[in-house]
Structures are given as structure tokens and as C-alpha cells.
Amino acid sequence: MSKQAASDTTRPEIPQAIRGTQDIFGAEAEAFGFVVETFERVRRHYRFRRVEMPVFEKTQVFSRSLGETTDVVSKEMYSFDDRGGESLTLRPEFTAGLARAYLTDGWQQFAPVRLATHGPIFRYERPQKGRYRQFHQIDAEIVGAADPLADIELLTMADQLLNELGIADGVTLHLNTLGDAASREAWRAALIAYFRDHRAELSEDSQDRLERNPLRILDSKDPRDKPFTADAPRIDDFLTAEAQDFFGRVTSGLDAAGVAWTRSPSLVRGLDYYRHTAFEFITDRLGAQGTVLGGGRYDGLIEALGGPATPAVGWAAGIERLAMLVGTKDEPTADVVIAVEDDAAIETGIRALAALRRAGFSAEVVATGSPRKRYDKAAKIPAKVLAGLSLADGAPRWRLRGDDAAQAQVRVVLDPSGA
RNA sequence: GCGAUUGUAGCUCAGUUGGUUAGAGCGCCGGUUUGUGGUACCGGAGGUCGAGGGUUCGAACCCCUUCAAUCGCCCCA
């Protein structure tokens, strides 16, 4: 065993995390958990039923619902072939999978069914603030409900959620209607005609959008587009009486529920199956990624998947973004920290630790390293009671620190005899 | 896919016009001090300066490539 041989043993290279993934730890993980717990509580309040969904589906589930040709499908999904040669895709959203389950699992019998779920979502995108390749969403949908009451329920729940998370300040609900299929088509045609007349003066990006996705010109960030978007045809002029009535019932319902909203005529959805209500809760505190919760009515989706015409509405929100607004949450303080200051007392320490935990206390122990430094080390751990354990004349001796009531509770467990 | 900024110890960061053996604080380990105490002092471990190539007598520093992070654009289901 030469020195040479020892130095030749190369260490394996440490693998790095996948781009766009994140390891959430400590105070940030607490904030993440707080978001999920709050969502679960609110969702029960609103009588939404919990669903657990697979993280992957056949690729068609998403490609059919999103439209085969869009960038979204061709570039931004995590797709792969399984061993049988079938194309599968990690879910880029919850909605399509839930719609599939609605059809394949016979949930039509429960319609209108109120669904809530949460978990990881995958999109092949360039990471930036609040955008990751694997991130997490909470999601709520009502499938099989044509009435605006469903939209109101969902929006009211979202509003309450943001309030219970304590992040409603600086967040506003932007609301729009895309009308029914007829309204939407008429508006779209008018927009194309209007922007075509100003084509040369639009930004390059918007000239491109004119062909692919004209509605998106409306929320262009380019200052060159602003003068034209301001005067563009508005959906209101194209709404059918039915569509107008639908939107009116949504807004008056929100007013009745005490949910503040603001009309945002440029809020659009690129995909054709969106109808009527579209909404986003937007914060002014998250830079370019200001949308914290968004959704709308997608009455055309389930048909696109081959099912019967089924009205549905829903929303989703990124947990990380919500957690960012929540800020970090302190990890819970321990009830007791034990410092075993003498190795001969280790078993007494272990016994006490087990007894405390069985009695319902959260507890940890410091019993390694230099014995004389253990007390200081334990003192740095946030705890209600600090219990130093040493030996005096061979007998275990506890010294407790903390407020009197907490000390007394702990002492009962450490020394049941009361001696 | 495009652009800008940034990668030095476990963490936060210094590091001069390119010049001996790359530093500090915190954290970690050990020793001493204190002994109802979150103190102070001493010591130690830990880095092929993100990776690969190039220029140079000499590169953490200059050039190219690449990977990653951050922020923005595109896109946003």
C-alpha cells in the first residue's frame, strides 16, 4: 500500500443537481409547508375533494389539450419514450390530467365535482426568479359546472387563501372575460384587422405574434406597442348577450362575496378552449413574475380530449412563489434540549430523551464532542427548556434552565418520583 | 432560444498593474478559561480559486470554450 497508490484513488465526481431544480430546506421549507397546510385547510372549508394524481401521463393528454403546434408542446415539456416506445410527459400542469381522470375514472357521476390537489409540475424552461423546471403547484378545479357560481366559488376561495397566507397586501385580482366561442372569435378577428393596419409600427415580437397569437400583443411589454394596445378593440364590444350576462353574474357575485377585483381587458389566454372568465392575482413585489395565482374557465378542454362537452373552471398557483411572499418561517422550537455533559451519564440521557418524547415533548440531545462544550452547543439550539445532565458523586444530576412552568413539566418526566 | 451579471474553504466574502507557500469572519474539531453558564483565549482540519483549453518565465486575475447560478427578454398551459 504505497503512498502513490493512495493518492491515485480518485474520488468520484459529486453529481450536481439538475438545472432548474431546487432543494428546499429549513426556514424556506417551513414556508413551503405553511402554504400547503393553509391550502389544505381552506380547500376543506370550501368542500373541495382531495385528489392525488400521477406526475406523468401519455403525451397526448397534454399535446391534445394544448394544441400540437405550440411552442409549449414542442419545446417546453419534459417528454420521453418509455421502454414500450410510448411517449410520456411529466405533467406541465394539473388541469389536463384531471380532465383525463374525469373521463377515464367516471367522475361524471359526481359532476359538478370540486377537486383540489398539489404537487410537482415540470416545464423545460430557462430558470429565473420564481420559475423552475421542477416547481410545485396547488390547484383547484370545478368540473361539470356551467354556472358562474362555480367561478365565484373558486375566486372567493383563492382570495381567502391569499388572506390566510397573509400575503394579500399588494396583490390584486385582475379579471377579464374572453366571452363565449362566438364572442371570442369576433373579437379575435377585429384585433387581427386592427393590428394589421399598424403592423409596421409594432415591435418585431408583436409582428410575429400577429401571426401566431394575436391576443398576446395586448400584454406586450414593449413600449412601441403600448399606443396601439391602448386603442385596440375591446372584448366588450363583441360580447354576446349571454356572455355579457355571464360576466355580469361573476362580477356581481364577487361583489356580494366581498372579493375586490379590477377589470383587466388585456388579460388573455392563448389557447382556444378558454371561454368566459380569465383571472390572475398579481403582486407588485415579485418582479417580472408577478402572477401568484391564475386560472379561468376552460369549457372547451374536455371536448378537445375526446369527451362530451363539459364546462369547467379552475386555477393553479406556484407554491414557491407563494412561499416567497410568505417569507421564511422559523422552524419550531424544541420543547427540551438535553446536554449530556458526562459520557458516563449517556444512558440516563437516552432514557430521559425517550421518556420525554413519549410524553409528547419534542426533544433533542447533544452528547458528542468535547463534554465541556456540550452545554454551550445545546444552548444555541432554540428550546423552551435546556437540561444539563452531569454526574455528582456518581449520581445523575439535572440542571434545568427555562421558564418555571416549562421546567416543572419537564421535571415530572425526568424524575417521576418527584424527589 | 437570446442578453447582462456572477462562480475563491461548509457559509458570507477579501485577494492590489499577472509575481514566492491564496486569506479573514462565521461554522466545525481539539485544548484552556468560566462553572447555573449562550463567555473568552489558544490551536487544528478544510481550497487542484466551477470545469476544460490557451497566452505567459509565471494565471484566482488576461483570452476562448463549457457548466452552473442570478436577473431580464421570448414563452407562459
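Letters go in sequence order (proteins before strands), and every chain restarts at 1. All of these numbers come straight from a predicted model, not from anything done at the bench.
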Nearest-Å distance, [atom1] ([X]) to [atom2] ([N])?
X	N	atom1	atom2	value
Ile217(A)	C74(B)	CD1	P	13 Å
Arg372(A)	G38(B)	CZ	P	16 Å
Gln16(A)	A69(B)	CD	C1'	11 Å
Arg133(A)	G1(B)	CZ	C1'	11 Å

Would you mind classifying the nucleic acid contact of [X] as base, sugar-phosphate or nothing, using non-hydrogen atoms under 4.0 angstrom?
X	value
Lys129(A)	sugar-phosphate
Gly20(A)	sugar-phosphate
Glu341(A)	base

[atom1] atom, [N] versus [M]: distance in rounded Å?
N	M	atom1	answer
C26(B)	C41(B)	P	9 Å
C63(B)	G72(B)	C1'	27 Å
U66(B)	G58(B)	C1'	25 Å
U6(B)	C49(B)	C1'	14 Å

Q) Between Leu386(A) and Asp205(A), which has a closest nucleotide on RNA chain B that is more 5'? A)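 It is Leu386(A), whose closest nucleotide lies nearer the 5' terminus.
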Q.
On RNA chain B, compare the nucleotides closest to Tyr132(A) and Lys221(A); which residue's is nearer the 5' end?
A.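 Of the two residues, Tyr132(A) wins.
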(Q) Looking only at side-chain N and O atoms, does Glu141(A) offer a donor or acceptor that is under 3.5 Å from a partner on Thr95(A)? (A)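 Yes, side-chain donor-acceptor contact under 3.5 Å.
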Q: Please check if the distance between the ring centroids of Phe32(A) and His136(A) is under 6.0 Å.
A: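 They qualify: ring centres under 6.0 Å apart.
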(Q) Go through it in stages, so that I can follow the logic: the residues are Ser183(A) and Asp180(A), the test is side chain to side chain donor-acceptor pair (under 3.5 Å), and I'd like the CA-CA distance, side-chain angles, deciding distance and then a yes or no. (A) CA-CA 5 Å; Ser183(A) 320; Asp180(A) 50 28; 2.5 Å; yes
Q: Using the criterion of both pairing distances under 3.5 Å for Watson-Crick and G-U wobble pairs, give all stems of 3 or more consecutive pairs involving RNA chain B.
A: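 RNA chain B stems, ordered by first number: B:1-7 with B:67-73, B:10-13 with B:23-26, B:28-32 with B:40-44, B:50-54 with B:62-66.
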Q. His198(A) vs Phe228(A) aromatic rings, parallel, tilted or perpendicular, using cut-offs 30° and 60°?
A.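 Judged by the thresholds at 30° and 60°, the geometry between His198(A) and Phe228(A) is tilted.
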Q.
Tell me whether Arg372(A) is salt-bridged to Glu341(A), with the criterion being a basic N under 4.0 Å from an acidic carboxylate O.
A.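 Looking at Glu341(A) together with Arg372(A), the answer is no, because their closest N to O distance does not fall below 4.0 Å.
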Q) Any idea which of G1(B), C74(B), G37(B) is nearest the Gln128(A) side chain? A)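 So the side chain of Gln128(A) is nearest to C74(B).
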(Q) For Ile142(A) and Phe48(A): C-alpha separation, side-chain torsions, deciding distance, then whether side-chain contact (heavy atoms from CB on, under 4.5 Å) applies. (A) CA-CA 9 Å; Ile142(A) 303 180; Phe48(A) 278 64; 3.8 Å; yes
Q) Should Lys373(A) be listed as having a side-chain N or O under 4.0 Å from OP1 or OP2 of G30(B)? A)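 Answer no for this pair, as no side-chain N or O of Lys373(A) is under 4.0 Å from OP1 or OP2.
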